Amino acid sequence: MQKFIIQGGTPLVGELEIEPSKNAILPILASTILLDGTVNIKKCPKYTDVLNMLEILKRMGAKVVPVNQGVNINCTYNSTIVPKELSKLMRSSIMLLGPILAKFKTAEVVYPGGCNIGSRPIDIHLKGLKELGVEIIESNGVIYCNGENMHPATLNLSFPSVGATENLIMASVFLKGTTIISNIAIEPEVMDLINFLNQSGAKIKVTGTVAEIEGVENLKTDSYNVISDRIVLGTLMLATAITRGKATFINAQPINVAKLTNILKKSGCKIDATNDKITIDATKNKFLSIGFVETQVYPGFATDLQAQTLTYATILNGTSVFLENIFESRYKHVAELNKMGANILIKDRWAVIEGVKKLQGAEVDATDLRGGAALVLAGLSCCGTTIVNNVEHIDRGYYKFEEMLSSLGANIKRV
Ligand code: EPZ
């Protein structure tokens, strides 16, 4: 397992372009199962999860050819079974079910793996597929699906699950007639998938949180530019804030980090945004308390920024209170932060953070993707040396994280 060695205390300064979004690329790659011909994804960073997804698509018959910073996918799929050992590596393998069923009317997948941030059931996915007429048999951890009798339907999601929304929309695109799905997730990554499918010829209309899908015969498009990664952007904005730096991020969508921007301004950072650029100036950051923060589905505050923002809160004046509404155990980074001198109390989904002047460098363990990134931010904020172990967790959603941070002046090495 690799580690990062960080000599903290240096303000982050400079300019950086934000890479395309992992959580938009993954469903878009899965949806190529629905397409005919070859599609070029213009920029496709080698996040580990993306590499795993590309490997799955190759094993299912696609021809995947790297082209410049992107990838060409010839959609010559010929299998309906998701390779077991690969689908266990990440949660997003479950969203292959929808496109495989739509295209081939039969599918087989094992229960997905992914970050240990909660039980992460797939009941909403399976309930929706059954309502679309899919017969599902689960045995020994394998999900067998028969979609011979699939039909349009009117569905209502019990929770606006991102993955279930994506899965069920992909399952519906070829169903003759109209499928309605209400209470869908409207995260930017979901909307980017819908945009990609509509560009390929699908007929998906979203009004508020209701999707209306008109079945079509086939889908095809030549190329696509995926939206930038709002979680990487938010993480880098927080890294700049916690080190009292000043940085500009280009190829950014400020609207997608609006809630975080308000939190950072409240603590004393200066933030200017245009439609594709954000500059954060924390050189005169007063580290004021940010009070109460709770994660919500979009457009609420993103759960994927909770760990990084909580880390920022550890050195703010006064007390901050966090409520994690989305996942039931997304505080595994807290014990590690307390090893660095933070003062955090956890009770179920609640966290109470008493601000301290400074954290101290220590050896800590990454336990999940965003929690790991949070520990890097903690190391950057304090003088002395911090070692973050198990950085493979971080590589799942940050491509060459240490190079990004070093380009802004951070002293961080991968060993
Ligand atoms: C997506 O996961 C993201 N992953 C997650 O990002 C993100 O945290 C999450 O959405 C919420 O925004 C990808 O897009 C690949 P959900 P997903 O289904 O689809 C419960 C990261 O750090 N639920 O919206 O798995 C579930 O247990 C990752 O990049 C059910 O109960 O999230 C959770 O409590 C981590 N039954 C809540 O809903 C279901 O059938 C949100 O899950 C499905 C979900």
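All values reported here derive from a predicted model rather than from experimental measurement. Order of appearance sets the numbers: ligands from 1, and atoms from 1 within every ligand. These numbers come from the heavy atoms of this one structure, side chains and all, not from hydrogens, waters or symmetry mates.
Heavy atoms from other residues, nucleotides or ligands lying under 6.0 Å from NZ of Lys203 number 12 at most. The number of heavy-atom neighbours closer than 6.0 Å to NZ of Lys42, taken from other residues, nucleotides and ligands shown, is above 12. For Asn68, the CG atom sits in a loose shell: 12 or fewer heavy atoms of surrounding residues, nucleotides or ligands are nearer than 6.0 Å. Counting non-hydrogen atoms of other residues, nucleotides and ligands closer than 6.0 Å to CD1 of Ile255 gives a total of 12 or fewer. Atom CD of Glu138 is surrounded by more than 12 heavy atoms from other residues, nucleotides or ligands within 6.0 Å.
If you number the atoms of ligand 1 from 1 as listed, the ones under 4.0 Å from a heavy atom of Arg330 come out as 8 (O), 22 (O), 35 (C). Shown in contact with Asp304 at under 4.0 Å from a heavy atom are these atoms of ligand 1, numbered in order with element: 5 (C), 6 (O), 7 (C), 8 (O), 21 (C), 22 (O), 28 (C), 29 (O), 35 (C). Against a heavy-atom cut-off of under 4.0 Å, Ile122 is close to the following atoms of ligand 1: 39 (C), 40 (O). Residue Lys22 approaches ligand 1 through these ligand atoms, each under 4.0 Å from one of its heavy atoms: 21 (C), 29 (O). Contact atoms of ligand 1 toward Phe159: 37 (C), 38 (O), 41 (C) (distance under 4.0 Å to a heavy atom of the residue). Of all atoms in ligand 1, numbered sequentially from 1 with element shown, those under 4.0 Å from a heavy atom of Leu369 are 21 (C), 22 (O), 29 (O).
Within the 4.5 Å cutoff, the side chain of Val232 has no heavy atoms near those of the Tyr399 side chain.
For the pair Thr303 and ligand 1, the shortest N or O to N or O distance does not fall below 3.5 Å. Annotation: Glu328 places no N or O atom under 3.5 Å from an N or O atom of ligand 1; distance criterion only. Residue Gly163 has at least one N or O atom closer than 3.5 Å to an N or O atom of ligand 1.
Under 4.0 angstrom from ligand 1, the non-hydrogen atoms of Val162 come from both its backbone and its side chain. Counting heavy atoms closer than 4.0 Å to ligand 1, residue Ile124 contributes atoms from both its backbone and its side chain. Using a 4.0 Å cut-off between heavy atoms, Ile326 contacts ligand 1 through both its backbone and its side chain. Both the backbone and the side chain of His125 come within 4.0 Å of ligand 1, counting heavy atoms alone. Neither the backbone nor the side chain of Glu189 comes within 4.0 Å of ligand 1, counting heavy atoms alone. Within the 4.0 Å heavy-atom criterion, both parts of Asp123, backbone and side chain, lie near ligand 1.
Heavy atoms of Ala164 come nearer than 4.0 angstrom to ligand 1 in no pair at all. Not a single heavy atom of Glu166 sits less than 4.0 Å from an atom of ligand 1.
Here Asp365 does not pair with Lys332 in a salt bridge; the nearest charged N to carboxylate O distance is not below 4.0 Å. Taking a cutoff of 4.0 Å between a charged side-chain nitrogen and a carboxylate oxygen, Asp395 and Arg414 qualify as a salt bridge. Residues Arg396 and Asp49 are paired through a salt bridge, judged by an N-O separation under 4.0 Å between the basic side chain and the carboxylate.
Here the shortest heavy-atom distance to atom 42 (O) of ligand 1, taken over Phe327, Tyr298, Tyr398, belongs to Phe327.
The backbone N or O of Asp304 sits less than 3.5 Å from a side-chain atom of Gln308, completing a donor-acceptor pair.
Tested against Thr295 for a side chain to side chain donor-acceptor pair (under 3.5 Å), the candidates Gln306, Lys259, Glu324 yield a single pass: Glu324.
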